[in-house]
2 protein chains.
Amino acid sequence: MAQQIPAPLGRGPKRNLFAHVVASLGLRIIKGELSPALPFPKEADLGAEFGASRSVIREAVKSLAARGLIASQTRTGIRVLEPLNWNLLDAEVLNWRYSTMPQAEFYSELFEIRLLIEPEAARLAAIRGNAAEIATIAQAFAAMSEAARTETSGVAADLSFHRAILAAAHNALLLQMGNLIAVGLDIAHRLSRESFAVFLPMHQRVLDAIIARDSDAAGSAMRHLLSETQEFMNRLIRT
Amino acid sequence: MAQQIPAPLGRGPKRNLFAHVVASLGLRIIKGELSPALPFPKEADLGAEFGASRSVIREAVKSLAARGLIASQTRTGIRVLEPLNWNLLDAEVLNWRYSTMPQAEFYSELFEIRLLIEPEAARLAAIRGNAAEIATIAQAFAAMSEAARTETSGVAADLSFHRAILAAAHNALLLQMGNLIAVGLDIAHRLSRESFAVFLPMHQRVLDAIIARDSDAAGSAMRHLLSETQEFMNRLIRT
DNA sequence: TATTCACATATTATCTGATAATATGATAAA
DNA sequence: TTTATCATATTATCAGATAATATGTGAATA
């Protein structure tokens, strides 16, 4: 039986048109190729460029508008908003930004926030976390250890560890910062697989402090973990 | 000349259908009336309910999806995502949440973050802010003083003041937190008009420290301003 | 009985073409 | 010079169609 022709490939993805248009325009905006100063193509032009119907273009525009990147108005057309309005904590925007910014700059910006957020989160987790939440943190740590032992990727477990701490801090807005951490860990683990095992003991110290309900120790253990990671990454990036 | 009939008012806004559908569904999701456990109405049903075409419904769905509230898939339909995925820092989501949560709870959550972010931002502003940026902070403060003198609403100036400090800290992710502050100030100024003049001197102390490039003083002045505001609000809410 | 496979079906994804609303700029009037 | 009127360009909304795809059903099989 003749294998089905795999893709139409007129020129690019035809199956996920919407996602493709969103990502393509989003990236162009973050790069600055489309800016508030420049005129934005109108729906019809975008449709022609992407080979998409107006529906798809309009849905993509609404998606980008919801992220604060653009706004659209009858007769006026579409325009790029000032970066001030961009939802930088949106996972997509975060990734687009990461892929276009100088790595060192992005990373220092990111860690500045993590150092602000996570020690306090660890502190609160030690105070407010209930048994189940602390168990979740412990489980994530166990998964990290197991990954280190079997030398498999522990990035998911690492993320779970940090997210579980945010969750145990009982502040929904804090939990939101998980996106930041996700990107940070993703970069870290892509740059260096081994970083992982090195930092395991520091994670353990955070966990132990939380279990012991020692909030100050939890905070400083987390601060220590992050500073060391940051320094480690800086060395890596520089070389 | 007969005045034009002002609105079709079949039942609700007909002019901004898209925005209406987004707000309506968004609110229902935040309230929990639509949850991950429950089945979500399909596009056709939503269209019937809102008296809107499928295009409008689909655009609204994409807008909510971009905020992490829902996801949609062929054949499976639409489903509400876990609150973990919600973009809580999105201005709309923030407002929906504010209007449905117990005020005291929302407020304490909010201030926990502000106390985390803003003192450090003030500290960084004192170190990194350039002349123009510091001038912007000063201008905002002048506008606040003027508003206090003329007893007009200074909420815009207040917001400008805090945003200008975030901007002077030179970290785009930090600047993002401006949305939080906007909601916080909005609530504060709605609860009490006079709070404004009372806190003017504390704002001044922050400004002065930044001008003097005294980072530690700027940080503690900001911390002081926020704690006092929080306590003031707590008293107001309790009564 | 349990597992695998083929297939009908329900729902979103995309396309097409039309009408309505509205902000802008041009034109005319004051 | 300012104000009022109007044509126009662009998005907003509607309507109806076809395509793609995940799910469950039932048949075939071990």
Side-chain angles (χ1 to χ4, degrees), chain A residues 1-25 29 34 36-66 69-81, chain B residues 1 3-25 29 34 36 38-66 69-81:
Chain A
M1 198 183 299
Q3 183 164 5
Q4 191 160 345
I5 294 157
L9 31 89
R11 179 186 88 238
K14 268 302 189 194
R15 287 290 158 279
N16 251 351
L17 246 177
F18 165 80
H20 177 240
V21 173
V22 169
S24 179
L25 289 178
I29 292 168
L34 293 169
L38 276 51
F40 203 92
K42 52 193 172 187
E43 289 180 356
D45 295 343
L46 291 172
E49 178 189 342
F50 288 103
S53 69
R54 253 190 89 203
S55 330
V56 170
I57 299 299
R58 284 186 55 80
E59 287 166 19
V61 164
K62 293 299 186 186
S63 182
L64 292 169
L69 297 184
I70 60 181
S72 151
Q73 209 178 13
T74 304
R75 156 82 212 212
T76 309
I78 306 163
R79 67 181 203 283
V80 176
L81 297 182
Chain B
M1 198 183 300
Q3 183 164 2
Q4 190 162 344
I5 294 155
L9 31 89
R11 181 184 88 237
K14 267 301 187 198
R15 285 292 157 279
N16 251 353
L17 245 177
F18 165 80
H20 176 240
V21 173
V22 169
S24 179
L25 289 179
I29 293 168
L34 293 169
L38 276 51
F40 203 92
K42 50 193 175 189
E43 290 179 355
D45 294 344
L46 291 172
E49 177 189 342
F50 288 104
S53 69
R54 254 190 88 202
S55 328
V56 169
I57 299 298
R58 285 186 55 79
E59 288 166 18
V61 165
K62 293 299 185 186
S63 183
L64 293 168
L69 297 184
I70 60 181
S72 153
Q73 208 178 14
T74 303
R75 158 81 213 212
T76 308
I78 306 164
R79 67 181 203 282
V80 175
L81 297 182

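In what follows, chains carry the letters A, B, and so on, assigned in the order in which the sequence lines appear, proteins first and then strands, with residues in each chain numbered from 1. Just so you know, these numbers come straight off a predicted model, no measurement behind them.
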Protein-nucleic acid N or O pairs under 3.5 Å, nucleotides 16-21 of chain C:
| unit_1 | atom_1 | unit_2 | atom_2 | d |
| --- | --- | --- | --- | --- |
| dA18(C) | N6 | R54(A) | NH1 | 3.2 |

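- Under 4.0 angstrom from either OP1 or OP2 of dT11(C) there lies no side-chain N or O belonging to S72(B).
- What separates NZ of K42(B) from P of dA22(D) is a distance of 18 Å, to the nearest Å.
- Taking CZ of F40(A) as the start and CG of D45(A) as the end, the distance is 11.0 Å to the nearest 0.5 Å.
- Closest non-hydrogen pair, F18(B) versus K62(A), comes out as CZ-CD, 3.5 Å.
- Within the helix from dT1(C)-dA30(D) to dA30(C)-dT1(D), the inter-axis angle between the opening and closing five-pair segments is 20°, rounded to 10°.
- Between the CG atom of L17(A) and the P atom of dA13(C) there is a distance of 12 Å, given to the nearest Å.
- If you measure from atom CZ of F40(B) to atom C1' of dA10(C), you get 18 Å, rounded to the nearest angstrom.
- Remark: P of dT12(C) and CG of L46(B) are 8 Å apart, rounded to the nearest angstrom.
- Remark: P of dT10(D) and CZ of F18(B) are 21 Å apart, rounded to the nearest angstrom.
- To the nearest 0.5 Å, atoms CZ (R79(A)) and CD (Q73(A)) are separated by 6.5 Å.
- A distance of 5.0 Å separates CD1 in I29(A) from CG in L69(A), rounded to the nearest 0.5 Å.
- Between L46(B) and V21(B) the shortest side-chain heavy-atom distance does not fall below 4.5 Å.
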Show me the side-chain donor-acceptor pairs of residues 50-57 of chain B shorter than 3.5 Å, one per line, residues at least two apart or across chains.
| unit_1 | atom_1 | unit_2 | atom_2 | d |
| --- | --- | --- | --- | --- |
| R54(B) | NE | E43(B) | OE1 | 2.8 |
| R54(B) | NH2 | E43(B) | OE1 | 2.8 |

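- For the pair S63(B) and A66(A), the tightest heavy-atom approach, listed with the atom from each and the gap, is O-CB, 3.5 Å.
- Rounded to whole Å, atom C1' of dA12(D) lies 12 Å from atom CD1 of I78(A).
- Side-chain nitrogen and oxygen atoms of T76(B) include at least one within less than 4.0 Å of the OP1 or OP2 phosphate oxygen of dT23(D).
- Rounded to a whole Å, the NE2 atom of H20(A) is 12 Å from the P atom of dT14(C).
- Looking at heavy atoms from C-beta onward, L64(A) lies in side-chain contact with L25(A) at the 4.5 angstrom threshold.
- What you find for I78(B) and P41(B) is that their closest heavy atoms are CD1-O, 3.9 Å.
- Going from atom CZ of R79(A) over to atom C1' of dT24(C) covers 14 Å, rounded to whole Å.
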